[in-house]
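Below: one structure, written as structure tokens.
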Amino acid sequence: MAELQEVQITEEKPLLPGQTPETAKEAELAARILLDRGQTHSVETPYGSVTFTVYGTPKPKRPAILTYHDVGLNYKSCFQPLFQFGDMQEIIQNFVRVHVDAPGMEEGAPVFPLGYQYPSLDQLADMIPCILQYLNFSTIIGVGVGAGAYILSRYALTHPDTVEGLVLINIDPNAKGWMDWAAHKLTGLTSSIPEMILGHLFSQEELSGNSELIQKYRNIITHAPNLENIELYWNSYNNRRDLNLERGGAVTLRCPVMLVVGDQAPHEDAVVECNSKLDPTQTSFLKPGKLTEAFKYFLQGMGYMASSCMTRLSRSRTASLTSAASIDGNRSRSRTLSQGSESGTLPSGPPGHTMEVSC
Ligand code: BEZ
């Protein structure tokens, strides 16, 4: 019997006058982003209702990418710059995305009544099964930032069979110790809640630089109509339990994990420590800049991205990602991707283009 061959059929669209293939591709991408406005849903959970927005159409036998944002942000302010970045389109067209807004953080959310008991981070993680059940998804690849990274890790610890991979940006897996509490209380005497949250999102260098980006986020947080709700999420974050991760121990993340931290980010030490507690054969540790490209390697390692989607540079270097201590001395034995001089936080926009993958 003749062998069946998989043939890829691509639709050829005629170019408009004056259009080059590149500008046509850019116009198509812009149109697709404009058309896909996402569908917002809410579900009831034992800890109150939770809102999430779904982009893209479900792909058979593929996990959904589920994101969870940090304190002071919502899914849009946290993830839009990344997911609408041109190079991300290869990834997102292969996955449906489910962007969760922590309760009270969704656009237009009313302020919770006085005395409202905001869920703990563990309870926020326990709301995720209701979302997956509603959407009929059995597995996810989680992408979380800060508090969101903690929530997704907690979810992965309690529901390991439903998490195929995790991208954790600026995670701090530890509960606050008494020294942290003392520092937190002292800072609280002289700083407002928005300033404390900005200190969590950005490094001191970035804050004192007071760039347009910092001014933008300072403005968003200070004038947020739901600032009281933001403070409740902030309190839950500060009251988090220790994840108690232990390399090779009973409590560890069993799925592939990509840890990301910014140069001089407020959580650099915490992420480095988290890296030391995870399985080195399952964990990649990198600094941002080439987040998109690293995300592609990560998905490819899980069998979800064809190597043809990667740049020639990436393909030639994928093979050489090995155990490395290049940026991390001997603290890390896991695969390490580092990016030369560029740094930044996720909300600052698309990752840069220059990257050194050192091995
Ligand atoms: C997405 O396509 O997944 C997306 C779109 C807008 C904001 C955030 C994410």
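We count ligands from 1, going down the list as the structure has it; atoms in each ligand are counted the same way. Model, not experiment: these values are computed from the prediction.
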Quiz item: Is it true that Asp122 and Arg241 make a salt bridge, defined as a side-chain N closer than 4.0 Å to a carboxylate O?
Solution: yes

Quiz item: Going by the angle between their ring planes, with limits at 30° and 60°, are His184 and Trp181 parallel, tilted or perpendicular?
Solution: perpendicular

Quiz item: Going by the order shown, which atoms of ligand 1 are within less than 4.0 Å of some heavy atom of Gln84?
Solution: 5 (C), 6 (C)

Quiz prompt | Identity of the nearest option to atom 5 (C) of ligand 1, non-hydrogen atoms only, from Tyr75, Phe95, Phe79, Tyr55 | solution = Tyr55

Quiz item: Do Tyr68 and Tyr155 have ring centres separated by under 6.0 Å?
Solution: no

Just distance, no hydrogens or angles: give the donor-acceptor pairs under 3.5 Å from side chains in residues 123-140, sequence neighbours left out.
{"from": "Gln123", "atom 1": "OE1", "to": "Ser120", "atom 2": "N", "distance (Å)": "3.0"}
{"from": "Tyr134", "atom 1": "OH", "to": "His41", "atom 2": "ND1", "distance (Å)": "3.2"}
{"from": "Thr139", "atom 1": "OG1", "to": "Glu164", "atom 2": "OE2", "distance (Å)": "2.7"}

Practice problem: Say whether Arg97, considering both its backbone and side-chain N or O atoms, lies within less than 3.5 Å of an N or O atom on ligand 1. | Solution: yes

Self-check item: ligand 1 to His99 polar contact by distance, N or O atoms, under 3.5 Å
Solution: yes

